[in-house]
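Counting begins at 1 with the first residue of the sequence.
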Amino acid sequence: MAEHSHQLAAILFADIVGYTAMMQDNEEVAVEKINRFREVVELIAEELNGKIIQYYGDGSLLLFNSSTDAAEFAKLLQEDLQNEPRIPVRIGIHMGDVLVHSGNIFGDVVNIASRIQSLAPAGGIYISEVVYRNIANKKELESVFVKEEKLKNVKAPVRIYEILTEGTEPFHQPTVGNAEAIIPSTNANSIAVLPFSNLSSDQQQDYFSDGLTEDIITQLSKIRAYKVISRTSVMQYKNSPKPVKEIGKELGVGLILEGSVQRSTDQVRITAQLINAITDEHVWADSYDRPLNDIFSIQREVALAIAAVLNTALSKKETRELDYIPTSDLQAYDSYLRGKLLTEKRNKADIILAREHFQQAVSRDKSFAAAYSGLADTYLLSSFRGYEDPVMMLWQAKKYIDIATALDPFSGETQASLGYWYFQTFDWHAAEITYRRAISLNANQSNVYLWLAILLQAKGEYEAALGVYEQGIEINPMWDFLLKNKVMVLANMNNREGALEMQKNLLAKSSHDPVLQKKRYSELARLHWMFGNKSEAILAAKSSHDQGLVKYVMEDDHSIMQKRVDDHFNSLRSRSEYISQLWMGLEYAHAGAREKALECFNNAIALKEAAISLLLIPDFEFLNIKYLNMALITRKVKQLINF
């Protein structure tokens, strides 16, 4: 910096409120707090290229090259100092021309920033109008007008704004009252298609009956008047003895379609019946004995018959969509069904096997758009979940998305794949537009609601994300991915009661699966821990039978959990398997191994791994990770994204 110069700069004053009283009350605690205050100031200032001009008693004066950097510094500082031991700090920021001389700064800007700071409440950040205008388009720096104030030794009144932080104005979502709150209210035009029973002598044909179920769901969802429950939520009722009324209540639907399929070489027999889920009365039934290559005609006829019996008028567009035949090659269709069902399992082995089936489908029918889209999804899922090298996966995915788009540009599934690709390549603006287009083309894609809500949540738009999760839950009320992420967004909105109630509902839902139930208890323990309910966290941790978690919440010792993660990744290394730095970091963060987690996160950012956007969403399952640690990480991630 020159010995004597003028420059445009943002000036920030910050001081501890009530420091004199703190010194009189407990000198040792007061000194500890000011030392922590200065340590955090120096750490954030270094990250944001801020210059500490001086410390004065209980405060500090800093210079930044931009209003944005100064505002981000202020928000990070306040949110970090909300953690225990809490330090009440007030901050004021103004921007303008300053004289820099021998390391000191002079000018009206300094005086105005100091006056603004003196008006701020403890925990508050007050800024001048010039700063407000510079950050007005920054969604992560939300500001509100406070007042117009006549400041001492300043001629014109100054309009003052406040930057909102997590503690400024917490938003409380209405509490979820009971377990039934997960379930949407019953709608007369809401339909659940239960898994069709496989009556074939070959039980290996289960994939065919399950695939038929999904295709009929897809056909019915083309009729805009109907709300059709996704396959993921209905599969739990396969071979279930539950009565129709009970299933209808659990899924929140007024109509149930059930049936059976019997396949024999090149013939197929399908029966279907529509039942009023409220009265248990049969509304319609029919059976179809046809050649196998008539399978798409049967699906269409079932949808048209239901529309007729429910007196639903179809538009020309809906009729045209129902007439669409995805492929004329039944072997290609067979491979496609196998691949689609395997993809839903989401684990690495099944995704790679699904890829083989989709490859077989497109090799038989090079005009099969849905199979190309499914093939792309195997690469996208493998990239995002860290199963394989994302650079290669994203390149392969885009190749097949382009083919699928050229074949069928109005496919909701293909648009969903394209949106997912945009998201993983950090073009969020294009991703959000494309996700919404995918939903408009096919509103029954619960995975797209999940992906869109994650994007909104990562942008900090929690209320909008919650709305999208709820839309997804309407059509897929039992899908754990949507429900678990809804818990996350409620927690991040500081809706303690709603988040805990949702998590307890998930726990109740897992009673049939001991392994899953232990996982849900572990999540509940971490949720209680995040909210500061130590005794409740200990009880839930004990119920999870996770000794590592119990040791952490009782003794602040994460060694058992860390060793478990160490052993897992050492095993992967010994087999020369690909290891994602991001997903390894997440496991270490869940194990409370802070330094290892942060090292992995920084490596993942350097490598631009496809899923690093997840780091923008506060995760209640993280243990021993401080807010400031993640704030510096998230800043680096945001620099890669086109919002």
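- Other residues, nucleotides and ligands place no more than 12 heavy atoms under 6.0 Å from the CD atom of Gln331.
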Give the intermediate values and the outcome of salt bridge (Lys or Arg N to Asp or Glu O under 4.0 Å) for residues Lys340 and Glu344.
-> CA-CA 7 Å; Lys340 198 164 177 63; Glu344 288 184 2; over 6 Å; no
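- In this structure Lys519 satisfies the salt bridge (Lys or Arg N to Asp or Glu O under 4.0 Å) test together with Glu523, sequence neighbours excluded.
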In sequence, state the C-alpha distance, the side-chain angles, and the governing distance for Asp334 and Arg338, and then conclude on salt bridge (Lys or Arg N to Asp or Glu O under 4.0 Å).
-> CA-CA 6 Å; Asp334 195 272; Arg338 292 176 187 267; 3.0 Å; yes
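- With contacts defined as side-chain heavy-atom distances shorter than 4.5 Å, the pair Leu582/Leu615 qualifies.
- With Gln396 contributing its side chain and Tyr379 its backbone, the two residues share no donor-acceptor pair below 3.5 Å.
- Judged by distance alone, the side chain of Ser264 and the main-chain N or O of Gln267 form no donor-acceptor pair under 3.5 Å.
- Closest non-hydrogen pair, Ala458 versus Ser613, comes out as CB-O, 4.0 Å.
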For Tyr420 and Phe384, what are the C-alpha separation, side-chain angles and deciding distance, and is it a ring-ring contact (aromatic ring centres under 6.0 Å, His included)?
-> CA-CA 9 Å; Tyr420 202 23; Phe384 195 77; 5.6 Å; yes
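- Between the CD atom in Gln503 and the NZ atom in Lys484 there is a gap of 7.0 Å [rounded to 0.5 Å].
- Partners of Gln424 under the side chain to side chain donor-acceptor pair (under 3.5 Å) rule, at least two apart in sequence or in another chain, are Ser383.
- Between Phe368 and Tyr336, the ring planes lie tilted relative to each other; the angle falls in the 30° to 60° range.
- Side-chain N or O atoms of Tyr372 include none that pairs as donor or acceptor with a backbone N or O of Phe358 at under 3.5 Å.
- Considering all non-hydrogen atoms of both residues, Arg346 and Tyr387 come closest at O-OH, 2.7 Å.
- Within the structure, salt bridge (charged side-chain N to carboxylate O under 4.0 Å, His left out) contacts touching residues 386-398 (residues at least two apart or in different chains) are Arg355-Glu388, Lys398-Asp402.
- Taking the side chain as every heavy atom from C-beta outward, Val193 and Arg231 never approach each other to under 4.5 Å.
- The shortest distance between side-chain heavy atoms of Thr218 and Asn444 does not fall below 4.5 Å.
- The closest side-chain heavy-atom distance from Arg385 to Lys348 is not below 4.5 Å.
- You'll find the side chain of Leu450 reaches within 4.5 Å of the side chain of Trp479, heavy atoms only.
- At least one donor-acceptor pair under 3.5 Å links the side chain of Arg526 to the backbone N or O of Glu621.
- Residues meeting the side-chain contact (heavy atoms from CB on, under 4.5 Å) test with Ala406, sequence neighbours left out: none.
- Of the possible donor and acceptor atoms, one in the side chain of Asn505 sits under 3.5 Å from a partner among the backbone N and O of Glu501.
- Nearest heavy atom pair, residue Leu441 against residue Gly412, reads CB-CA, 3.7 Å.
- The distance between the ring centers of Trp428 and Tyr422 does not fall below 6.0 angstrom.
- In this view, Ser571 and Arg575 satisfy the side chain to side chain donor-acceptor pair (under 3.5 Å) rule, not counting sequence neighbours.
- For residues 192-220, no residue pair satisfies the ring pair (Phe, Tyr, Trp, His ring centres under 6.0 Å) rule, not counting sequence neighbours.
- Under the 3.5 Å distance criterion, the side-chain polar atoms of Gln445 are matched with a main-chain donor or acceptor of Ala438.
- Shown here are the side-chain contact (heavy atoms from CB on, under 4.5 Å) partners of Lys238, two or more places apart in sequence or in another chain: Pro195, Asp206, Asp210, Met235.
- A donor-acceptor distance shorter than 3.5 angstrom exists from the side chain of Ser363 to the backbone of Gln360, with no hydrogens or angles considered.
- The side chain to side chain donor-acceptor pair (under 3.5 Å) search around Ser411 returns Glu413, Thr414, not counting sequence neighbours.
- Not a single donor-acceptor pair under 3.5 Å links the side chain of Asp266 to the backbone N or O of Leu292.
- Within a 6.0 Å sphere centred on CZ of Phe410, heavy atoms belonging to other residues, nucleotides or ligands number 12 at most.
- Sorted pairs that involve residues 505-527 and meet ring pair (Phe, Tyr, Trp, His ring centres under 6.0 Å), not counting sequence neighbours, are lacking altogether.
- Here the NZ-OG distance, from Lys518 to Ser522, works out to 12.0 Å after rounding to the nearest 0.5 Å.
- The CG atom of Asp619 sits 9.0 Å away from the CG atom of Leu614 when rounded to the nearest 0.5 Å.
- Distance check, rounded to the nearest 0.5 Å: CG of Leu375 to CD1 of Ile401 gives 10.0 Å.
- Scored by the side chain to side chain donor-acceptor pair (under 3.5 Å) test, Asp329 finds Arg364 as partners (sequence neighbours excluded).
- No more than 12 heavy atoms of other residues, nucleotides or ligands sit less than 6.0 Å from atom NZ of Lys345.
- The side-chain contact (heavy atoms from CB on, under 4.5 Å) search around Glu321 returns Lys222, Arg224, Lys317, not counting sequence neighbours.
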When you look at Tyr469 and Gln457, which way does the side-chain hydrogen bond (donor to acceptor under 3.5 Å, both in side chains) test go after all the steps?
-> CA-CA 10 Å; Tyr469 281 130; Gln457 198 173 352; 2.8 Å; yes
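- Counting heavy atoms of neighbouring residues, nucleotides and ligands inside a 6.0 Å radius, atom NE2 of His429 does not exceed 12 of them.
- Residues Phe426 and Asn642 fail the side-chain proximity criterion, which asks for heavy atoms closer than 4.5 Å.
- Checking each of Lys509, Lys242, Lys245 against Glu250 for a salt bridge (Lys or Arg N to Asp or Glu O under 4.0 Å) leaves exactly one that passes, namely Lys242.
- Glu470 has its side chain within reach of Lys486: a pair of non-hydrogen atoms, C-beta onward, lies under 4.5 Å apart.
- In terms of modelled atom types and a separation under 3.5 Å, the side chain of Asn198 and the main chain of Ser209 share no donor-acceptor contact.
- Contact annotation: the side chain of Phe620 never approaches that of Pro618 to less than 4.5 Å [non-hydrogen atoms, C-beta and beyond].
- The CD1 atom of Ile216 sits 7.5 Å away from the CD1 atom of Ile306 when rounded to the nearest 0.5 Å.
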Please step through side-chain hydrogen bond (donor to acceptor under 3.5 Å, both in side chains) for the pair Thr312 and Tyr226, ending with a clear verdict.
-> CA-CA 9 Å; Thr312 305; Tyr226 303 152; 2.5 Å; yes
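- Each ring pair (Phe, Tyr, Trp, His ring centres under 6.0 Å) pair with one or both residues in residues 275-301, not counting sequence neighbours, appears once here: Phe296-Tyr333.
- Under a 3.5 Å cut-off, the side chain of Ser233 and the backbone N or O of Met478 do form a donor-acceptor pair.
- Phe622 has its ring centre less than 6.0 Å from the ring centre of His590.
- Atom-to-atom distance recorded for Leu322:CG and Ser297:OG is 12.0 Å, nearest 0.5 angstrom.
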